[in-house]
Amino acid sequence: MDTQPINLTPAESASSLDSLLSDLSSNPREDTWFNVELICRHLGNLLRIRNSTEDNQTALGAGTLPQNLTTLLFKALNGSSVPSDVRATTVLEILRVSANLCVEHDQNRGHLLEAGLPQAVVSLLEGYVDPLPRQPQTNPLPLHTSHLQVIKTAIGFLLNSSLGYEPVKFRLISLEVAMTLARLSSAIYPTGAWMRGPTRLFPVKSAPLDGIPEQVAESWTIRVGISNWTWRLITELRDDAHPLFDTDVLPFLIQPLIAFTPPLLTAPPPPEFAQPSQLRTSLLHADFDLLSEACSHIESLALDVEDIRLSLARGFVFPAEHQNIPCLSAILDFIEQGSYAPLWYVQHDTGLDDSEVRSQEKAFDDCKAAVIKAVVEVSGEEKNTDVLCDDSEEIYPGGKFISRMVNWVRVFVTAGSHGNLRDDMVICATLALGNLTRREFHTTLLLSPPHNVAQLLSSETLLSPETDLKLKHGVIGLLKHLSQTSVQSVHNRNALSNAGIIERIVASGVWDDRGDVMADIVQVNAIGVVKHLCNNNISNSFAVILPSDGTTASATGLSQILALIKRSDTVAIKSEGTRVIVNLAKSFWSNDPTIEQRDAEENQMRQQKRERGIQALVTAPCIEALAALIGRSAKYPILINEATVALSLLSTHPDGGRLVLRTLLAPLPKETSPQAPGSAAVSTAASTRTSSETGSPIVTSTRNHASPRKCGLDHLLNILRNGGSDTSSSSRQAEVPYPIELRINICALLGQLGKRTTGEELEAVKENARSILQDLSKVDSSTGKENMLATAAKKTLDLWT
């Protein structure tokens with residue numbers, strides 16, 4: 001059909017479309033449709049050009065054009081979900097006008113939304129998706145170039161109409177367009193499909209086009225463009241508060257990871273792509289862009305959506321969950337075997353230059369880090385514990401997931417520090433195993449054959465001063481879970497002890513001076529391991545408190561923890577570190593249940609070690625740390641009770657009583673000196689302050705001194721008076737009675753001090769505490785615990801007389 005040049009203005013073109021639409025309503029002839037296509041192409045071109053003197057966009061958007069475009073689209077489809085081959089180019093030009101009409105123009109975006117065009121375009125894309133299989137395909141969907149152009153322009157219109165414009169974005173999200181786009185894009189451009197050999201890009205009736213290089217190149221180029229625009233639109237629609245995808249998207253997101261994992265990754269390119277070309281480079285870029293998008297979405301979905309975490313775990317055990325696509329297994333394969341594309345490194349004018357390769361290598365590493373986070377999140381979902389930890393398989397004790405994670409650690413340790421570049425796998429494995437170690441059963445499983453993880457985790461390859469902090473974080477985090485769940489299991493605790501876990505942690509430099517948040521977390525976890533293992537265990541306590549062969553006293557675990565407590569500003573480090581001292585004291589003052597298993601000589605050596613350990617505890621740094629724990633723990637009566645019991649035990653040592661007494665009377669560090677609720681106005685530390693260099697007490701007065709710093713005894717007497725524990729962080733402090741057990745233990749501590757010490761300092765304590773104890777001793781209550789408190793108070797008074 002002959003065509004004449006069109007010289008219409010934008011307004012005249014819109015008016016012409018109005019007339020043609022009227023003609024189509026009465027007599028839909030083919031030449032009318034031809035004219036519609038011509039006018040739309042002309043108008044689309046005009047709208048691409050911004051006129052500084054005339055605002056064509058606003059004028060056209062305010063007229064009938066938005067509604068006319070929607071009507072023309074419906075008429076062009078003629079009741080079908082997708083255009084016919086004859087009408088595809090007409091639909092393309094209608095969509096071009098629509099896309100250019102709303103570029104950076106919110107008013108026109110609103111007009112088009114009101115006309116229902118975004119909704120109609122979504123329906124058009126759904127028409128292409130509906131015939132597709134539910135699961136991803138490895139071969140590209142055969143489509144004629146005109147239909148590919150329709151799809152690409154439709155996505156371009158949705159992108160232009162929604163860019164920064166919430167009403168359209170909200171509508172598209174409500175129509176679940178993201179899933180439609182993901183399925184369609186995956187079908188049109190499956191990641192790495194060009195590497196799988198000859199592919200059919202065109203329908204059967206156009207099959208000869210597959211043999212024309214120019215047609216093939218154009219088809220691939222448009223398919224890459226569709227993929228790029230799809231994920232640009234999905235990124236624009238992304239909303240952290242409202243996830244775009246549900247579990248159905250997982251098999252589609254996994255495809256890029258499979259493409260970057262052998263065997264497809266290492267397969268030689270097919271003959272048509274054997275030589276470097278601009279097209280091959282474009283396809284390499286497209287594949288990597290899809291990998292980046294997929295890993296980013298897998299990470300965010302695993303972090304934010306519980307159903308995603310649950311589905312990934314179920315799919316690991318039941319492949320039918322994802323149409324027999326093992327999504328979590330594919331993620332693990334990618335972490336383990338995925339690598340940079342070999343074709344990145346082919347030197348050619350059309351290939352990637354060195355800077356591009358380095359950039360993509362770094363981005364690829366970020367992709368692995370993202371899916372590692374996803375695996376850790378899946379394992380951290382409590383509902384997944386029994387799914388991923390399965391003891392029903394004899395070949396894989398604990399299940400295939402547990403076995404695979406342990407094997408990652410074993411391979412790393414076996415290779416040794418000089419053969420490892422893949423600590424990311426160990427980080428993933430240790431964090432995942434730590435998340436799954438929730439009960440004693442799980443710990444027993446990991447510490448027993450064939451896994452024996454204690455022997456692996458005590459390897460110098462995993463824990464040494466040179467070990468990367470992130471790797472230490474994973475390893476020590478797992479050890480904390482294992483030790484925490486081994487408290488009641490002799491077998492499990494012995495497995496950890498015999499592997500030399502404490503000795504390895506002490507020698508690892510984990511408590512060295514550092515200055516970042518992750519270091520704090522790792523240090524607290526390491527303290528937790530030691531705290532649990534030395535609780536009521538003399539042998540483990542020796543490992544913490546006594547120097548190992550070839551080391552000095554300053555290198556012991558206790559010395560390192562005390563130094564860390566002193567310099568750290570982190571309350572968790574200070575408090576948990578001090579609880580190690582509590583457990584050490586309890587262990588050394590308890591009976592040794594293994595004494596009958598050794599001969600006299602061994603028991604004598606053990607007793608000498610115990611005495612050395614006790615002597616290491618009866619020191620000013622340890623006792624000051626315990627007093628500080630009392631001072632900072634007004635909200636935590638359990639911690640105060642632990643410190644009180646430890647001070648009572650240390651007070652029984654010949655050198656301990658006076659040290660404890662002086663420390664309790666000394667001002668606490670500023671970080672532990674908030675005004676306790678209900679505390680007395682006068683501080684006992686005001687009566688007896690510090691000491692001289694000769695050890696003699698110096699009596700001072702607080703007269704003319706405002707707000708003296710409180711001492712440990714102030715806090716204990718306030719608790720004894722039952723001033724209440726602060727359980728609120730608000731300015732209005734709620735007072736809750738302290739447990740009677742704690743108050744009884746304070747009475748016991750005061751009694752020990754009266755029994756073991758003398759002098760002016762003790763008299764100051766008696767003066768401030770006697771009236772409180774007398775009041776408590778007179779309590780006449782039917783409550784058994786109240787009577788126990790009265791008895792304890794009376795016993796303390798008796799010891800003082």
Side-chain angles (χ1 to χ4, degrees), residues 531 534-536 538 541 545 558 575 578-591 610-611 613-633 636-666 668 672 684 711-722 738-759 761-762 764-766 768-770 772-773 776-777 785 788-800:
K531 179 187 72 175
C534 71
N535 185 27
N536 293 320
I538 296 176
S541 297
I545 206 167
L558 177 62
S575 297
T578 306
R579 296 181 81 184
V580 173
I581 300 172
V582 172
N583 285 355
L584 289 170
K586 289 180 178 179
S587 293
F588 285 132
W589 263 267
S590 65
N591 295 323
R610 184 198 288 256
E611 291 172 359
I614 290 174
Q615 193 63 51
L617 288 176
V618 183
T619 58
C622 289
I623 294 173
E624 288 168 1
L626 291 167
L629 180 61
I630 292 173
R632 81 169 68 90
S633 304
Y636 307 104
I638 290 177
L639 299 185
I640 300 175
N641 190 57
E642 289 185 1
T644 302
V645 170
L647 288 172
S648 292
L649 294 174
L650 297 179
S651 298
T652 64
H653 188 273
D655 301 327
R658 184 162 295 280
L659 267 177
V660 171
L661 179 59
R662 289 185 175 181
T663 302
L664 290 177
L665 291 172
L668 289 169
T672 64
T684 55
C711 65
L713 186 63
D714 292 329
H715 292 275
L716 292 177
L717 295 184
N718 176 60
I719 295 167
L720 200 59
R721 192 184 293 109
N722 209 19
Y738 282 100
I740 288 179
E741 292 84 352
L742 168 57
R743 298 164 72 197
I744 291 173
N745 286 333
I746 293 174
C747 290
L749 171 58
L750 295 177
Q752 282 293 338
L753 294 176
K755 184 178 179 181
R756 303 284 178 173
T757 62
T758 59
E761 293 164 316
L762 178 62
V765 173
K766 291 180 179 180
N768 284 274
R770 180 173 280 109
I772 302 173
L773 292 170
L776 293 175
S777 66
K785 289 186 176 181
M788 290 172 63
L789 177 59
T791 301
K794 187 175 185 304
K795 183 177 179 180
T796 300
L797 291 170
D798 290 342
L799 287 171
W800 285 359

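Note: hydrogens, waters and symmetry copies are ignored here, and every other heavy atom, side chains too, is used. Residues: numbered from 1 along the sequence shown.
- Applying the side chain to side chain contact (heavy atoms under 4.5 Å, CB included) criterion to E611, with sequence neighbours excluded, gives Q607.
- Closest of all the heavy-atom pairs between L584 and C534 is CD2-SG, 4.0 Å.
- Shown here are the side-chain hydrogen bond (donor to acceptor under 3.5 Å, both in side chains) partners of N745, two or more places apart in sequence or in another chain: N641.
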(message) Show, in sequence, the C-alpha distance, side-chain angles and deciding distance for L717 and V765, and conclude whether the side-chain contact (heavy atoms from CB on, under 4.5 Å) test is met.
(response) CA-CA 10 Å; L717 295 184; V765 173; over 6 Å; no

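- V582 places a side-chain heavy atom less than 4.5 Å from the side chain of L626.
- Going from atom CG of L650 over to atom CG of D655 covers 11.5 Å, rounded to the nearest 0.5 Å.
- A616 meets the side chain to side chain contact (heavy atoms under 4.5 Å, CB included) test with I545, L558; sequence neighbours excluded.
- For the salt bridge (Lys or Arg N to Asp or Glu O under 4.0 Å) condition, the pairs that include at least one residue of residues 579-589, sequence neighbours left out, are E576-R579, R579-E642.
- Rounding to the nearest 0.5 Å places CG of L659 at 8.5 Å from CD of E624.
- Side chains of R743 and L776 form a contact here, defined as non-hydrogen atoms less than 4.5 Å apart.
- The side chain to side chain contact (heavy atoms under 4.5 Å, CB included) test applied to T619 returns P621, C622, not counting sequence neighbours.
- The minimum heavy-atom distance between A666 and C711, with the atom names listed, is O-CB, 3.1 Å.
- Once rounded to the nearest 0.5 Å, the distance linking CD1 of I772 with CG of L716 reads 10.5 Å.
- Two residues are said to be in side-chain contact when any heavy atoms from C-beta on lie closer than 4.5 Å; E741 and K785 meet this criterion.
- Evaluation of the side-chain hydrogen bond (donor to acceptor under 3.5 Å, both in side chains) rule for S587 yields S541 as partners, not counting sequence neighbours.
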(request) Go through the steps for L664 and L647 under the test side-chain contact (heavy atoms from CB on, under 4.5 Å), then give the verdict. (result) CA-CA 10 Å; L664 290 177; L647 288 172; 4.1 Å; yes

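- In terms of the salt bridge (charged side-chain N to carboxylate O under 4.0 Å, His left out) criterion, K795 has no residue partners (sequence neighbours excluded).
- T644 places none of its side-chain heavy atoms less than 4.5 Å from the side chain of I719.
- Residues that satisfy the side chain to side chain contact (heavy atoms under 4.5 Å, CB included) test with I538, not counting sequence neighbours, are F542, F588, D592, R606, R610.
- Interatomic distance, OG of S651 versus CD1 of I623, reported as 7.0 Å (0.5 Å rounding).
- A donor-acceptor pair is defined here as one N or O able to donate and one able to accept, closer than 3.5 Å; no such pair exists between the side chain of T757 and the backbone of G657.
- Put simply, the side chain of H715 reaches to within 4.5 Å of the side chain of L668, judged on heavy atoms.
- Under the salt bridge (charged side-chain N to carboxylate O under 4.0 Å, His left out) criterion, D798 pairs with K794, not counting sequence neighbours.
- Smallest separation of non-hydrogen atoms from I630 and A643: CG1-CB, 3.6 Å.
- Side chain of R658 to backbone of T758: a donor-acceptor contact under 3.5 angstrom is found.
- Annotation for I744 and A792: closest pair CG2-CB, 3.9 Å, computed over non-hydrogen atoms.
- No donor-acceptor pair closer than 3.5 Å links the side chain of N583 to the backbone N or O of N536.
- Looking at L773 and L720, their side chains come closer than 4.5 Å, going by heavy atoms from C-beta outward.
- Here the closest heavy-atom approach between residue T663 and residue A627 is recorded as CG2-CB, 3.7 Å.
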Output side-chain donor-acceptor pairs under 3.5 Å for residues 749-756, partner residues at least two apart or in another chain, one line each.
from : atom 1 : to   : atom 2 : distance (Å)
Q752 : OE1    : R756 : NE     : 3.3
R756 : NH1    : T652 : O      : 3.4

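- Nearest heavy-atom pair, L617 versus I581, reported as atom, atom and distance to 0.1 Å: CD2-CG2, 4.1 Å.
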